[in-house]
Number of protein chains: 2
Amino acid sequence: MESVLNIKLSEKLYHRNPVETELGRKIISQSIELIHELGIEDFTFRKLALYMNTTEAGIYRYFENKYRLLTYLVDWYWSWLEFQISVRTKNLPDPETKIKKLIHLLGTPITDDVNTSYVDEKLLYEVVVREGVKTYLTKNVEEDNKANLFKPYKDLCKRIEAILLDYNSEYKYPRTLASTIIETGHFQSFFSLHLPGLTDLNGGKENTKVIRFLEDLVFSALSKK
Amino acid sequence: MESVLNIKLSEKLYHRNPVETELGRKIISQSIELIHELGIEDFTFRKLALYMNTTEAGIYRYFENKYRLLTYLVDWYWSWLEFQISVRTKNLPDPETKIKKLIHLLGTPITDDVNTSYVDEKLLYEVVVREGVKTYLTKNVEEDNKANLFKPYKDLCKRIEAILLDYNSEYKYPRTLASTIIETGHFQSFFSLHLPGLTDLNGGKENTKVIRFLEDLVFSALSKK
DNA sequence: CATGTAAAGATAGTAATACTATCATTTCAA
DNA sequence: TTGAAATGATAGTATTACTATCTTTACATG
């Protein structure tokens, strides 16, 4: 077994399942590196083929185009994160601690998970922060949504929603708050690194300040008046 | 005078100032339509030239590439919105009313402003919601930021920050909350239209539910404990 | 009225992108 | 040993993302 943790993703995402072959797994790991380096706009399958010493046609056998590949990577990340959250909050005593834990998990690029050999989670986290929204902010969202391409994201939102409701079952917008936490965590983390003028959260080590902001925001929203 | 309201944008955004010529203004109005129709990924200068019955080379004389044009449009929108907020909150009696007003302005695509002849604000609003973040979620953010390409966005955040502080001068994250309101407003509005599974805000007319969620979120965050 | 200049139109060309197709070779499993 | 699946090698096509050049139009000024 190459990987202890096996993440199953929709077959609509690929032509040939990349986790089943050597080349497929190499496409995953190397594309994370190259998208990280170039950004999705400048990233091409030709460049990836050169980068990993294979042929363009070979990559097209696995993925229809670079946006499908990106969606695959992002979906993989959401599934992995949901798994992390489920495992790491399971035995926590109360909902408050759970919420703190999950905000922490959302904001912290975890050091490379030894159970997933061909994915560098730290790098993937940065790719998801910068490129993730580009999977759904498109003209064909609805079509892609019908094909269930955003299921892992929805599942993650639902899990977070359940934890939020556990803390305050009266709260009116649990799912909205769930997606807000995820997206806000990402773009504030991006701002603090690259556009410091847009946030008060710079300077701190890692994302500690983003995490504190989110805690403040979430607990004030959830507290009953 | 074609346009009563004149918005001045950085010269780094264009080769030739589009507002000064007939063709330039036509590029603005028609590109909003075509980006709205195709999405920025499928939009090309060639298609735009065909669409507006001119030549590709002509468009390149105004804008370096489609992303610069997009940034121009988005910057225009932020400047226009900041102006709207400043005018429409100026004479309001108290900070609470001002905050409500600005959330309303952020969430509502205002019907076409008669003062800006060559821009359809409703259409532009939808373009900004779907494509806006793609101007800064790139590999070259920092470079573009140095060239001041995001100044209108920063100015808007600062204005919102000032209003938030007016309501509660003790609040620790006013600028972060400002950018959070803007971005959350956009993507929740997008979710409610295209990915209803991700939000509790569907069904309502226009963005009223998004607006109510934001009010709830902002006032809980700002209220002193 | 003549003339100069700025803008726009017309046309062409080039390197890179985004694919698809075909055929040969390797691998490994029955 | 044989056959299927995966990979590699090569080629080709339409489109994209530009740049360059030359002509025409418009209009402003002396």
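Just so you know, these numbers use all the heavy atoms, side chains as well, and skip hydrogens, waters and symmetry mates. Note on naming: letters A, B, ... go to the chains in the order of the sequence lines (proteins, then strands), and numbering restarts at 1 for each one.
The distance from the CG atom of Leu124(A) to the OG atom of Ser31(A) is 9.0 Å, given to the nearest 0.5 Å.
Listed nucleotides dA10(C), dT19(D), dT7(D) differ in distance to Arg61(A); the shortest reach to its side chain belongs to dT7(D). Each of dA18(C), dA8(C), dC18(D) was ranked by its minimum atom distance to the side chain of Leu23(B); first place goes to dA8(C). Which of dT11(C), dT10(D), dC19(C) sits closest to the side chain of Thr55(A) comes down to dT10(D).
Nearer to the 5' terminus of DNA chain C, by closest-nucleotide assignment, is the contact made by Glu20(B) (compared with the other of Glu20(B) and Glu56(B)). Residues Ala57(A) and Tyr62(A) each lie close to DNA chain D; by heavy-atom proximity, the contact nearer the 5' end of the strand is made by Tyr62(A).
Taking atom CZ of Phe63(A) as the reference point, atom P of dC19(C) lies 14 Å away to the nearest angstrom. One can place CZ of Arg25(B) at 10 Å from P of dA8(C), the figure rounded to the nearest angstrom. Whole-Å rounding puts the Asn17(A) CG to dT7(D) P distance at 12 Å. If you take CD1 of Ile59(B) and P of dC18(D), they are 13 Å apart, rounded to a whole angstrom. One interatomic measurement links the two molecules: CD of Glu41(B) to C1' of dA18(C), which rounds to 15 Å at whole-angstrom precision. As rounded to whole Å, 18 Å separates atom P of dA16(C) from atom CG of Leu48(A). Between the CZ atom of Arg46(B) and the C1' atom of dT11(C) there is a distance of 13 Å, rounded to whole Å. In this structure, the CD atom of Glu64(B) is 13 Å from the P atom of dA17(D), given to the nearest Å.
Note on Lys47(A): every side-chain N or O is 4.0 Å or more away from OP1 and OP2 of dA16(C). Contact check, Thr21(B) against dA8(C): a side-chain N or O comes under 4.0 Å of OP1 or OP2. Using a 4.0 Å cut-off, some side-chain N or O of Thr54(A) falls inside it from OP1 or OP2 of dG8(D).
Using a cut-off of 4.0 Å between Lys/Arg side-chain N and Asp/Glu carboxylate O, Arg130(A) and Glu126(A) are scored as not salt-bridged. Salt bridge absent: Lys134(B) and Glu41(A) never bring a charged side-chain N and a carboxylate O closer than 4.0 Å. Salt-bridge formation is detected for the pair Arg68(B)/Asp144(B): a Lys NZ or Arg NE/NH1/NH2 atom is positioned less than 4.0 Å from an Asp or Glu carboxylate oxygen.
For Phe45(B) and Phe63(B), the ring centers sit 6.0 Å or farther from each other.
Using a 4.0 Å heavy-atom cutoff across all strands shown, Arg16(B) reaches sugar-phosphate atoms only and no base atom. If you check every strand for non-hydrogen atoms under 4.0 Å, Lys26(A) touches nothing.
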